[in-house]
Amino acid sequence: MISKFLNRHQGGLRIVRTILLIVIGAAAGFGAVYAAEGTDTFGLSPLTFFIVLTLVCTLIGVFAVLAGVGGGVIFTPLFMGFTPIDSYIVRSTGLFVAMVGALVAARPFLRKGIANIRLLYTGAVPYAVFAVIGSLLAGYMNTALGPTGESFIQGALGVIVIAIGVLFIVKKNTEYPEVANVDGFTQKMDLPMPYFEDSLGKVVNYKLVRAPVALLLFCGVGLISGLFGLGAGWAMVPVFNMVMLAPLKVAATCSKVMISIGDTAAIWPYIQGGGMFPLFAVPSMIGLVIGTLIGSRIMLRVKAGFIRPLIIIVMFGAGIRLIMKAFS
Amino acid sequence: MNEENAPKPLFSGVIYGEFAFWLAVIGSAIAIIGMMIYFSGNQFFDAQGLLNGLWSGQTAEEIWRNASATKEVIHGHWYLDYLTTSDGIAMLGIGVSCLAGVFGAWGSFLVMVTKKDNPTVFMVFAGLISLLLTASAFGLITMH
């Protein structure tokens, strides 16, 4: 019934979407005008802060898309490493922007059937549970451990960010991995769901393997995502593609939808803990969404291979900076 | 096999995507409207104080003590009691966006139950996820 309603009212829904986008744009514009009345603090008025943050996050969004990563994985290390903003607030906002990006992106993947609902719910259980544990741990460290907890978070995130940079260099994703033997557990789960691949003009039937190993790995990925406020596509895509041998497109789309589920679970303890401030979260979200849209359009026209090494350098720089901050 | 004969996406997945997209967009619109009013005044968090706090590396608790209207941290859904303030509205928008996944998961689970378009095990997984997200959103999973 709902699908009939959606099909029948596609035109109307498009108009609603356009109106909402206009409201968003107009509201952002009016906000900027009103903010002009603010007074300076540390050389920044709330207006300047709002605009500068929106622009910076737009740039992050553009570069992230061109480099083939989520905005959250660049946002959190950059703001933790190179601004004085408290890490709990940065992580809370990082998780929020990663979640919103994933929520908006999920729709076309599920409509086309490329994101495998069975696969993503199976992975989402360990991922979401451990993401919540990670965010609770973050809250505990923030309140109970004080500066020691802050230093630990900075140092550990620094190591993780450098590891992500190394992963970008060494990982070799395969578009359509070959599967020889399927283990009994994965066979029993009946996870694969064929989909129509536009570029090939045919249905792709695929097999999956090693589901138990992947489930264990998702526990670790969830913990890192919740504790450090990172999007986790950088880790999930290799787990789907290199461990379970899912086609790259299935891996990328499933990881995006799983981020939207897991980060929804993890974000609430941060909000309940008072770590979310609209003046910081809203421009970050607007910037990353706009940047992602711009980046997607640029990607269709230019060869973006040069961006990847740049992002790797940024990751190494942010990682080293975080480790230095941890020991200072 | 051509596109007409291609396997149809499961409605339990489609419904998740629809809820996720629309609630995220609506929530974002509310948050931006809230920020528009925020800059014109009627603030729960004093804008200058908050900016000071962020830029001087204050913790979330310190910012609450120095810049909020209550001068103390309110844990939970604080914005629901302050919807007459601009940042209360902005925070409500953020909350609506964060609820998108919760509604999506429940929608997906209910479709699985009614249409039985997936084996039972995935229905159980979807049910578990829905419960976990709801518990998290209601503040049942919290340090405070």
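This is a predicted model, so every value here is computed, not measured. Residue numbering restarts at 1 for every chain, and letters A, B, ... go by the order of the sequence lines.
Side-chain contact between A:L120 and B:Y16: absent, with no pair of heavy atoms (C-beta onward) separated by less than 4.5 Å. With a 4.5 Å cut-off on side-chain heavy atoms, B:F21 and A:R111 do not count as touching. Looking only at side-chain heavy atoms (C-beta outward), A:P278 and B:Y38 stay at 4.5 Å or farther from each other. When side chains are defined from C-beta on, A:T264 does not count as touching B:C98, because their heavy atoms never get closer than 4.5 Å. Within the 4.5 Å cutoff, no side-chain heavy atoms of A:Y195 are placed close to those of B:P7.
In this structure, B:L132 CG and A:W268 CH2 are separated by 13.5 Å, a value rounded to the nearest 0.5 Å. Atoms CZ and CE, on A:R118 and B:M123 in that order, are 13.0 Å from each other to the nearest 0.5 Å. To the nearest 0.5 Å, atoms CD1 (A:I267) and CG (B:L99) are separated by 12.0 Å. With rounding to the nearest 0.5 Å, the separation of CD1 in B:I94 from CE in A:M285 is 7.5 Å. Distance CG/A:L110 to CZ/B:F11: 12.0 Å, rounded to 0.5 Å. Rounding to the nearest 0.5 Å gives a distance of 8.0 Å between OG of B:S136 and CG of A:L136.
In terms of heavy-atom proximity, A:P46 sits nearest to B:Q48 at CD-NE2, 2.9 Å. Residues B:L133 and A:A265 come closest through the heavy atom pair CD2-CB, 3.4 Å. Considering every non-hydrogen atom in both A:I117 and B:S108, the closest pair reads CD1-OG, 4.1 Å.
Of the listed residues (A:F109, A:Y121, A:F280), the one with the most heavy-atom contacts under 4.5 Å to chain B is A:Y121. The candidate with the highest count of non-hydrogen atom pairs below 4.5 Å against chain B, out of A:T83, A:N116, A:I114, A:D86, is A:D86. Of the listed residues (B:L10, B:V73, B:L128, B:D87), the greatest number of heavy-atom pairs within a distance under 4.5 Å of chain A belongs to B:L10. Looking only at heavy-atom pairs under 4.5 Å with chain B, the residue among A:V90, A:I271, A:V100 that has the most is A:I271. Ranking A:L279, A:D263, A:V289, A:V257 against chain B, the residue ahead of the rest is A:L279, based on heavy-atom pairs under 4.5 Å. The most heavy-atom pairs under 4.5 Å with chain A, out of B:A31, B:A100, B:A135, B:A126, come from B:A126. Most heavy-atom pairs under 4.5 Å with chain A, from the set B:M112, B:H77, B:E62: that is B:H77. Contact count against chain A (heavy-atom pairs under 4.5 Å) is highest for B:A137 among B:A137, B:G13, B:A105, B:G95. Looking only at heavy-atom pairs under 4.5 Å with chain A, the residue among B:A24, B:G76, B:S97 that has the most is B:G76.
Looking at A:A128, both its backbone and its side chain come within 4.5 Å of chain B, counting heavy atoms on both sides. In this structure, chain A has a heavy atom under 4.5 Å from the backbone of B:F138, while its side chain stays farther away. Heavy-atom distances place no part of B:L23 under 4.5 Å from chain A, backbone and side chain included. Within the 4.5 angstrom heavy-atom criterion, only side-chain atoms of B:I129, from C-beta onward, approach chain A. With a 4.5 Å cut-off on non-hydrogen atoms, B:L50 touches chain A through its side chain but not through its backbone. With a 4.5 angstrom heavy-atom cutoff, A:V132 touches chain B only via side-chain atoms. For chain B, the nearby part of A:M193 is the side chain; its heavy atoms alone come within less than 4.5 Å. Looking at A:I89, the atoms closer than 4.5 Å to chain B (heavy atoms on both sides) all sit in the side chain, from C-beta outward. In this structure, chain B has no heavy atom under 4.5 Å from any part of A:Y270.
Of the possible polar contacts, none joining the B:W55 side chain to the A:I85 backbone as a donor-acceptor pair under 3.5 Å is found.
Between A:F277 and B:W64, the ring planes are tilted. Angles from 30° to 60° get that label.
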